[in-house]
S.K.: 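Supplied in structure tokens, the structure appears directly below.
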Amino acid sequence: MSAMDSPTGQQTKQQSRTHDSAFLKACRREPVPHTPVWFMRQAGRSLPEYLKVREGIPMLESCMRPELVTEITLQPVRRHKVDAAIYFSDIVVPLKAIGLDLDIKPGVGPVVADPIRTRADLDRLRDLTPDDVHYVTEAIGMLTEELGDTPLIGFAGAPFTLASYLVEGGPSRSHERTKAMMYGDPQLWADLLDRLAGITSAFLKVQIEAGASAVQLFDSWVGALAPADYRRSVLPASAKVFDAVAGHGVPRIHFGVGTGELLGLMGEAGADVVGVDWRVPLDEAARRVGPGKALQGNLDPAVLFASTEVVEAKADEVLAAAKGLEGHVFNLGHGVMPSMDPDALTRLVAHVHERTAV
């Protein structure tokens, strides 16, 4: 039984209102009026209206202003007519909320002042409470009033990716310190991921209880691992997160970059929908994931820089590969790039809707 089949009696008004949306139907592997579309990183980045409202406001501060979060989250829904909104935030927000000294540096990414390297460092990772992220509850309350029957997707960073930032002290190409801990002190590594799984679970629960209709767990860096390492050292923590929110009855999406060899294992972790990047065709991804899961993806974002004819042709290839899937949510194989033409994204949504309308 999937989480979405579990009767909870805990649905918020917004979750009931969005229940029959194309997006949630696709996540539940039910017939849809058209293939639903949303874009990772759709809230901002390429939109001039986003750049205008964010001007002079640091990233983490912008994530803590409910009115600003609401406006930024709504912008792509208004412009692109996507089938779902994704909450504007960042994966390190819950870590900042529990008091870690970190910042998001433009052009670099999250930077941690004092990396987690020893068992004593784990004491800095206290439990997250709803009061720590009261601005999230407030913003989602405002958003659900505005969105009507359009679902809102909540999200969080997966334990491995959060651990990588914390251990490395920032972004890393080779994840050498992360892997050194994972291989050299497996118990410390397991305890670190377990603690992060608890923080992540609490963060997702806040979003669901405030009205998010689905959640996505981003594991941006987990593609750096071999399948055996993922199964042994990562899957238990990701499964803990998915299990923690299963009783809320909302779809759970799992996405990583460069995870073609991990797709089956990521499905095993407990997601209802497995996100696929552009490297593996959706029909092959379905074979790897196995039955009982919807898939999300997977147009190469770089295609959006080509002509309209090329974009539409490549989108049609994705849709053709998705024929026969139990459920499909159209998305990019990673995320919107800052220099993309917003109008190209709008045209893409309209094209997918037109091509798949029943």
Side-chain angles (χ1 to χ4, degrees), residues 39-65 68-69 71-73 75-76 79-80 86-117 135-136 139 155-179 196 200 203 216-224 255-259 275 277-279 299-306 331-345:
F39 302 124
M40 286 178 283
R41 295 179 177 168
Q42 71 186 16
R45 294 174 65 86
S46 68
L47 301 182
E49 55 266 39
Y50 165 80
L51 298 175
K52 182 177 181 180
V53 298
R54 270 284 320 277
E55 190 173 5
I57 305 174
M59 178 62 184
L60 282 175
E61 182 181 340
S62 69
C63 295
M64 299 174 188
R65 295 188 183 185
L68 184 59
V69 168
E71 170 59 22
I72 293 172
T73 302
Q75 285 174 349
R79 181 187 275 262
H80 303 316
I86 183 163
Y87 184 74
F88 176 75
S89 187
D90 189 90
I91 63 171
V92 299
V93 163
L95 301 180
K96 183 73 171 180
I98 63 170
L100 292 191
D101 185 1
L102 58 83
D103 198 8
I104 299 176
K105 295 190 175 180
V108 177
V111 176
V112 181
D114 298 305
I116 302 290
R117 302 277 171 80
Y135 44 84
V136 173
F155 77 91
F160 175 84
T161 291
L162 294 179
S164 179
Y165 280 119
L166 289 176
V167 173
E168 302 289 343
S172 171
R173 291 184 180 274
S174 56
H175 309 282
E176 62 266 23
R177 290 183 179 274
T178 303
K179 290 184 177 183
L196 290 171
T200 297
F203 190 53
Q216 175 160 303
L217 193 66
F218 282 91
D219 216 345
S220 307
W221 302 123
V222 79
F255 175 76
V257 182
T259 52
D277 73 11
W278 69 94
R279 296 171 177 87
L299 185 69
D300 185 342
V303 169
L304 270 294
F305 293 96
N331 208 312
L332 301 180
H334 189 195
V336 172
M337 300 178 187
S339 53
M340 277 182 181
D341 176 6
D343 292 339
L345 291 165

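The figures here come from the full heavy-atom set of this structure, side chains too, leaving out hydrogens, waters and symmetry mates.
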S.K.: Does any part of the side chain of Pro301, heavy atoms only, come nearer than 4.5 Å to the side chain of Met340, both counted from C-beta?
M.R.: yes
S.K.: Quick one: CG on Leu162 to OG1 on Thr200, what's the gap to the nearest 0.5 Å?
M.R.: 5.0 Å
S.K.: Between Leu217 and Phe255, is there a side-chain heavy-atom distance shorter than 4.5 Å?
M.R.: no
S.K.: Rounded to the nearest 0.5 Å, how far does CD of Glu71 lie from OG1 of Thr73?
M.R.: 9.0 Å
S.K.: Can you find a pair of side-chain heavy atoms, one from Phe218 and one from Gln216, that are under 4.5 Å apart?
M.R.: yes
S.K.: Which heavy atom of Ser62 sits nearest to which heavy atom of Leu68, and what is that distance?
M.R.: CB-CD2, 3.6 Å
S.K.: Is any side-chain heavy atom of Asp343 closer than 4.5 Å to a side-chain heavy atom of His80?
M.R.: no
S.K.: Counting N and O atoms only, with roles assigned by atom type, does the side chain of Ser164 sit under 3.5 Å from a partner on the main chain of Phe160, one being a donor and the other an acceptor?
M.R.: no
S.K.: Return the minimal non-hydrogen interatomic distance between Val222 and Thr161, and the atom names on each side.
M.R.: N-OG1, 4.3 Å
S.K.: Using modelled atom types only, decide if a donor and an acceptor are shared between the side chain of Gln42 and the backbone of Val336 within a distance under 3.5 Å.
M.R.: no
S.K.: Is the Phe155-Tyr87 ring centre distance short of 6.0 angstrom?
M.R.: no
S.K.: Could you tell me whether the side chain of Ser46 and the main chain of Asp341 form a donor-acceptor pair under 3.5 Å?
M.R.: no
S.K.: Around atom CZ of Arg279, are there more than 12 heavy atoms of other residues, nucleotides or ligands at under 6.0 Å?
M.R.: yes
S.K.: For Gly169 versus Pro115, what's the shortest heavy-atom pair and its separation?
M.R.: CA-CG, 3.9 Å
S.K.: Any side-chain heavy-atom pair from Tyr165 and Ile91 closer than 4.5 angstrom?
M.R.: yes
S.K.: Do Leu47 and Pro76 have side-chain heavy atoms sitting under 4.5 Å apart?
M.R.: yes
S.K.: Measure from the side-chain N and O atoms of Asp277 to the backbone N and O of Val257, and report whether any donor-acceptor pair falls under 3.5 Å.
M.R.: no
S.K.: Determine whether Leu332 and Asp300 satisfy the following criterion, side chain to side chain contact (heavy atoms under 4.5 Å, CB included), listing intermediate values before the conclusion.
M.R.: CA-CA 6 Å; Leu332 301 180; Asp300 185 342; over 6 Å; no
S.K.: Nearest heavy-atom pair of Tyr135 and Val93: which atoms, and what distance?
M.R.: OH-CG1, 3.8 Å
S.K.: Take Arg79 and Glu49 through the test side chain to side chain contact (heavy atoms under 4.5 Å, CB included) and record every step on the way to the result.
M.R.: CA-CA 10 Å; Arg79 181 187 275 262; Glu49 55 266 39; 2.9 Å; yes
S.K.: Please examine the side chains of Val136 and Phe203, heavy atoms only from C-beta on, and report whether any two atoms are closer than 4.5 Å.
M.R.: yes
S.K.: When you measure from the side chain of Glu168 to the backbone N and O of Arg177, does any donor-acceptor pair fall under 3.5 Å?
M.R.: yes
S.K.: Could you go step by step and tell me if Asn331 and Met40 meet the side chain to side chain contact (heavy atoms under 4.5 Å, CB included) rule?
M.R.: CA-CA 7 Å; Asn331 208 312; Met40 286 178 283; 4.0 Å; yes
S.K.: Hey, can you pull the donor-acceptor pairs under 3.5 Å for the side chains in residues 95-106, sequence neighbours left out?
M.R.:
{"unit_1": "Lys96", "atom_1": "NZ", "unit_2": "Leu102", "atom_2": "O", "d": "3.0"}

S.K.: Taking only residues two or more places apart in sequence or in another chain, which ones pass ring pair (Phe, Tyr, Trp, His ring centres under 6.0 Å) with His334?
M.R.: none
S.K.: Val112 versus Val167: any side-chain heavy-atom pair under 4.5 Å?
M.R.: no
S.K.: Grab the two heavy atoms, one from Ala43 and one from Phe88, that are nearest each other, plus how far apart they are.
M.R.: O-CD1, 3.7 Å
S.K.: Output a table of donor-acceptor pairs, distance under 3.5 Å, between side-chain atoms of residues 50-59 and any protein atom two or more places apart or on a different chain; print 'none' if there are none.
M.R.:
{"unit_1": "Tyr50", "atom_1": "OH", "unit_2": "Arg54", "atom_2": "NH1", "d": "2.6"}
{"unit_1": "Arg54", "atom_1": "NE", "unit_2": "Ile57", "atom_2": "O", "d": "3.2"}
{"unit_1": "Arg54", "atom_1": "NH2", "unit_2": "Ile57", "atom_2": "O", "d": "2.9"}

S.K.: Ignoring hydrogens, what is the shortest heavy-atom contact between Ala158 and Asp219? Give both atom names and the distance.
M.R.: CB-CG, 3.3 Å
